[in-house]
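Naming: A, B, ... by sequence-line order, numbering from 1 per chain.
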Amino acid sequence: MHLNCPLCGPRDLREFSYLGAARLMARPDADDQAAMVDYVHYRDNPAGENAELWQHDYGCRAWLHVLRNTVTHEVLSVALARDKALEAEQ
Amino acid sequence: MSRLPKGGLIDRSRSIPFSFDGATLTGHPGDTLASALLANDVRLVGRSFKYHRPRGILSAGSEEPNALVELGEGAARLPNTRATTQELFAGLVATSQNRWPSLKRDILAVNDLMAPFFGAGFYYKTFMWPKRFWESVYEPIIRRAAGLGRLSGLPDPDHYDKGFLHCDLLVIGAGPAGLMAALAAGRAGARVILADEAAQMGGRLLAERLELGGSAGHEWAAGVAAELASLPNVRLMPRTAVTGAYDHGAFGALERVADHLAAARGAPRQIFWRIQSRRAILAGGAIERPIAFANNDRPGIMLAGAVRRYINQYGAAPGARVAVFANSDEGARSVVDLQAAGVEVTALIDARPDAKAPDGVPHFAGALVTNTRGRLGLKSVTIRTASGGVETIAADCLAMSGGWNPNVHLTCHQNARPVWRDDIAAFVAPDGAVPGLVAAGAAAGAFSTHAALQTGLDAAKAALTDLGLKSGKTPLPKAEDAPCDLTPLWHVAGKGRAWLDFQNDVTVKDVKQAHAENFIPVEHLKRYTTLGMATDQGKLSNIAGLAIMAELTGRSIPEVGTTTYRPPYVPVQIAALGAHGEGQGFAPHRQTPSDALSRERGASWLEAGLWHRAAWYPQTGESFWRQSCEREVGWVRNAVGICDVTTLGKIDIQGPDAAAFLDFVYTNTMSTLKPNRVRYGLMLREDGTVMDDGTCARLGAAHFVITTTTAAAGPVMAHLEFVAQVLCPRLDVQMVSVTEQWAQFAIAGPKSRELLNGLLDAQVDNDSFPYMGCGPVSLGGVAARLFRISFSGEHAYELAVPARYGDSLARLLVARADALGGGLYGMEALNVLRIEKGHITHAEIDGRYSAFDISMPRMVAAGKDCIGKAMAARPGMVEPARPQLVGLKPAGVVKHLKAGAIMVEVDGAPVREQIKGHVTSACFSPTLGHPIALAYVAGGVARIGDTIRAVDLLGGVDTLCEIVALPFYDPEGGRLRG
Amino acid sequence: MRYSAFQILKQGLTGNKGWTPVWRNPTPKAEYDVIIIGGGGHGLATAYYLAKNHGLSNIAVLERGYLGGGNVGRNTTIVRANYHLNGNSEFYSHSLKLWEGLEQELNYNAMMSQRGVINLCHSDGQFDFYAERGNRIRAQGDDAELLDREGVKKHAPFLNFSNERFPIRGGLLQRRGGTARHDAVAWGFARGADMRGVDLIQNCEVTGIDITAGRVTGVQTTRGAIRAKRVGMAVAGRSSQVGQMAGLRLPIESHVLQAFVTEGLKPIIPGVITFGVGHFYISQSDKGGLVFGGDIDGYNSYAARGNMPIMEHVMEAGMAMMPALGKARVLRGWGGIVDMTMDGSPIIDKTPVEGLFFNGGWNYGGFKATPASGWCFAHLIATGNHSEHATKLLMNRFATGHVLDEERTGAQPNKH
């Protein structure tokens, strides 16, 4: 598997680590206990396109927002998670 | 001798000796073990798995199910080696396997007589009574009888390697299609890798008597290979099997670098390559299929294509009187080749009623082989003629061909299924099943030489277009273009067992029984009968098996479907896939700055993450680790000790928002920390559990250095980067791990300041460096950092210098400490010191406990959010019955306290329902003079003064304890501040 | 047909023509009392125990492929009861007891072979942790022994004891642990269920779950609609998709777990050996193949196949701990889709939909749970109450904070 790191270019799977669903970017208000339980523990877990978070830990250490198909492993897009997070704020 | 007087691609000028089952034989360079055995008239080479039937060589490739031998001796012994692919070298020693006492007289051949009772899945229906007999009687017998060759049980003495390769186009297989494709792409300037399993490029061109562009096929192949070898952008990889097609253009490949040599002479035996390729062409050819008829497994019955290869490539005749049985023109082709080699052909039995007869051979059109004779080698075949007559034909070899199965394996490695083509009665590769990979030649069902060349060229051109390269002119050589003229024939009906899976002894009857028992889905068929589970993974047997199931169920073959194709394409030694994993190679070994010094001082070592840390430093007269440990503890408590703490994670965090960031990742508040001060900090995971603890030092308004535990250094760093980049993208904060940039030593004990003041360029005192103070210092002009922090509970410091001064500083510190009546201490002493002080490590914060559990609920600051705070407030995380960290000391006769013991009430029983907690850390406290322990006890903080039992069921120890408050030592903390 | 040595003799002497189907191929009825979605090990065991323990017979198991084709057919066949936590401990303990009588119970030889499971450890910290685990196992009533280095050497002399990167400190041995023939477990339960009247329906994919007023009424399938009073899900890696049909969002991620088998070899490995630091475990099948595996690939996947890095890591770990493995050839590798929960422990519970029950989240260890999973799920479906062996495997534990974090790694499945 290859991911195309926006900073480093295409790199082998061995350089990356996986965290989980990209919704972990959207941390809810801490007072909303139910939303927090859902945020921490519940997943859509789609069979198909999945937005997810990876880190280029044996590279530039950037956190990446990756759109990937969980059935075919095809990678549809890779972006810096920071950029996505800033986008989401707007 | 069955060596033909002339012909073949072997080097007859040299003879090389080898042995099989103790007999010394000779062959020629260019031989495989199989061809050399045939040339020496050795026909019985193995025994089958279940019935121990005598077996000979069936094929000439890696799909061989019968001719598996143990190669070599002693630790180098390699079981299950295919004689058909093992190249001959001088001194090769091969031994037959899975037989006792000898290949000719194998006791377990009695199984063959028991065959009526050993049908498909018989073992699921018996061996159940009496119950205890399974482990004691039945299973040991079954296990001894099962298996093929033997591992030596000794470490593999050979060397293996791994590597990465990158290319524009990977061509898999160097037959006509692969050579043509590689030539076109190579001439166009693409970076090409051409890999082929065999030693010599050419594929079937080496085995057939074909003409290409006016020259012999093997000569054409040699010419192309020579041109490719001359191109700098082409890498030829003979003896290389591409084993798997993985995601995004990655392929695994095994190169057998030195398997064909008597001695590797420094080279690795094999290299496992990971090939990253932009485009790939599978030109892996096809595998011929046997026909199932009664007793079709006798030594001497061989695939027709293999017979031709042995004659044409190796100059070895598989028999003196050969009969041929086929359902296509492969039969006639075989007859012609045999005759050309001067081998007597006793009959051509062609299943097609309208088949044309070649010259000079008894011809039986529309006939079928119904049985064979010959216990240890074929003697004759019985046929049923088109008119229904029965004839017996003398033959010591039967060449059979049931057609060819395109080698679709790699194209199906990503879960696709192959596509059935009625016109060739075979499955072919599905389109687009592996992105970037296309099939060409026989692998794509293009069976004629012309079609192979054409499809290879077409595939290369398409790949070049994709790669943005221009195809040059590569004319096709003229070659035969015979149509595929085949009438499907899977099995010959009749009495007797007809083998499908030769190695696993699966016969047509087993398929019929599976059908009768409703094991009809193809996966059930496989799993119930073991069809296709042998070392060839069904390459020879699967299609026939499912064709028979199709007949039985009235469905078509594609409706029955295939099982899943899985890597590796050919079995690969674990030593190659795991090269460099053996011994110390498995994981990096991280060394501390004091590593050399510690070795000089005779340290005993322990593993901490990937670090090797000194556990204790024995001195003369000390025979037991505790003696050393307690001496070192005493140094710290009474004088001064030095400990390398470099392994603790250090993260440098800077930026205007650094303080705000730390407030969010720590449970407590760091923004109120003053410069030149240190604060203890606790981090939670988002699920509310303690992730790690450490110190946070503020070096400036916008500059912090935090420490993590050794084990958590990596995970905490990734976590902080996640929070900064993803959760708080607007915070202006940057961080970098500096664990390896700073060598850091603890200087602990009442004489620590005295030691420092003899060393630092400027004196320190309680005002400049009070407890939990920090700041820059210098020693010998080197800028350093000093932290007045203590894990031991004594007046202590940690001194950090750039890592390059680490060894030097360690030696300096230790010399000073020695002079002050102290010295180096290791992890064991460090552990005792921290238990005496009630400090936690990963034994206590192992990933399951909350701030509440470690009795630090007040560490979670009110009035601000932090990672993990919300989840830590869930009812289950704060209920009174949760375990809480307390101290234990023995209160009865038994003094022994052991980590891992479970806590039970004084009048309770050590059963799960009554467990109140467990001992996390225990030691003998030399300071207090008795054993102490840290333990989790349900509601423990409210139970100080109670008695409870620590029970170690494993060791049979039951210790009455008093629950005590933490810390055990210096609860007021006076020694820290003094 | 009852299986026995006598039956084999009788059939063998009459040309093996008298064998009968192990199960029927029934046409789906319009309505069942209970429908189990998923004809894997857990679904089949559930149907079996519903019929056997609770006297129900109007049951269907709906399987989209073939019986036993999920993880029960692609695992490394390890059976053990060596868990740490209340909730898991008693459940797996019950499972091991069921395993011990399974062949006689089912009249089918699943080859449960108790040749022991040993977990190697390499540091004092790990040794202490195993001591705690061993004590908890013993307190549950199961067997555990803590071996020192010499003890491990006696048990498995071919391990690397001389130049190992992670020196062996000791090992936790459970002698009652072992392996079983995975397919036979599925087939044994299937046959037992069929004999008790359960309809096992293959090639029948559930495409929808019918819910009226908060109550399940049946399912939509590729073979038509089927009504049911109660529906149980036991679909492992497909939990999220089937759950979605009933509007459930689950604390589950689906990951790929690879496993490997070598060519057949004469016996060398005693029982199961696990090398935890290297994420490596191995056993040898009765047929002679070394069966081994390691960590999950680490990313969400439904592809049922893995990639090279983890495969290579598994092989390297094998070489590190057992250098004699070098001469064994890997014959085949495969991938299964494992249903990883956020705390590494399973779920057997009701759902917010009345009459709809959930069984899943088996992580990489569902095989050993098969009998108890069926037993406890059947109990829940039949009685509406949790079995005494599975009172803590609840869906809402993430909300209440009563998580069962067996691996101590938090809500990140690829760290379990």
Best-contacting candidate, Ala718(B), Gly249(B), Cys728(B), against chain A by heavy atom pairs under 4.5 angstrom:
Ala718(B)
Toward chain B, the part of Leu53(A) with a non-hydrogen atom under 4.5 Å
side chain
Show the nearest heavy-atom pair for residues Leu24(A) and Leu727(B), with the distance to one decimal.
O-CD2, 3.5 Å
Please step through side-chain contact (heavy atoms from CB on, under 4.5 Å) for the pair Glu721(B) and Trp63(A), ending with a clear verdict.
CA-CA 8 Å; Glu721(B) 287 165 329; Trp63(A) 278 89; 3.7 Å; yes
Atom group of Ala62(A) that falls short of 4.5 Å from chain B, counting heavy atoms
both
How about CD on Gln741(B), more than 12 heavy atoms from neighbouring residues, nucleotides or ligands closer than 6.0 Å, or not?
yes
Salt-bridge present (Asp865(B), Arg27(A); N to O < 4.0 Å):
yes
Any idea which of Ala724(B), Pro729(B), Ala250(B) has the most non-hydrogen atom pairs under 4.5 angstrom with chain A?
Pro729(B)
Are any non-hydrogen side-chain atoms of Met871(B) and His41(A) less than 4.5 angstrom apart?
yes
Is there a donor-acceptor contact under 3.5 Å from the side chain of Arg82(A) to the main chain of Gln725(B)?
no
Shortest non-hydrogen contact from Val726(B) toward Ala85(A):
O-CB, 3.4 Å
Consider side-chain contact (heavy atoms from CB on, under 4.5 Å). Of Glu686(B), Lys869(B), Arg874(B), which one does Met36(A) pass it with?
Glu686(B)
Under 4.5 Å to a heavy atom of chain A? For Phe722(B) that would be both
Highest number of heavy-atom pairs under 4.5 Å with chain B among Gln33(A), Met25(A), His65(A), Glu74(A) belongs to Gln33(A)
Can you tell me which residue pairs pass the salt bridge (Lys or Arg N to Asp or Glu O under 4.0 Å) test with a partner in residues 31-40 of chain A, sequence neighbours excluded?
Arg23(A)-Asp38(A), Asp38(A)-Arg249(C)
Interface residues of residues 2-20 of chain A facing chain B - heavy atom cut-off under 4.5 Å:
His2(A), Arg14(A), Leu19(A)
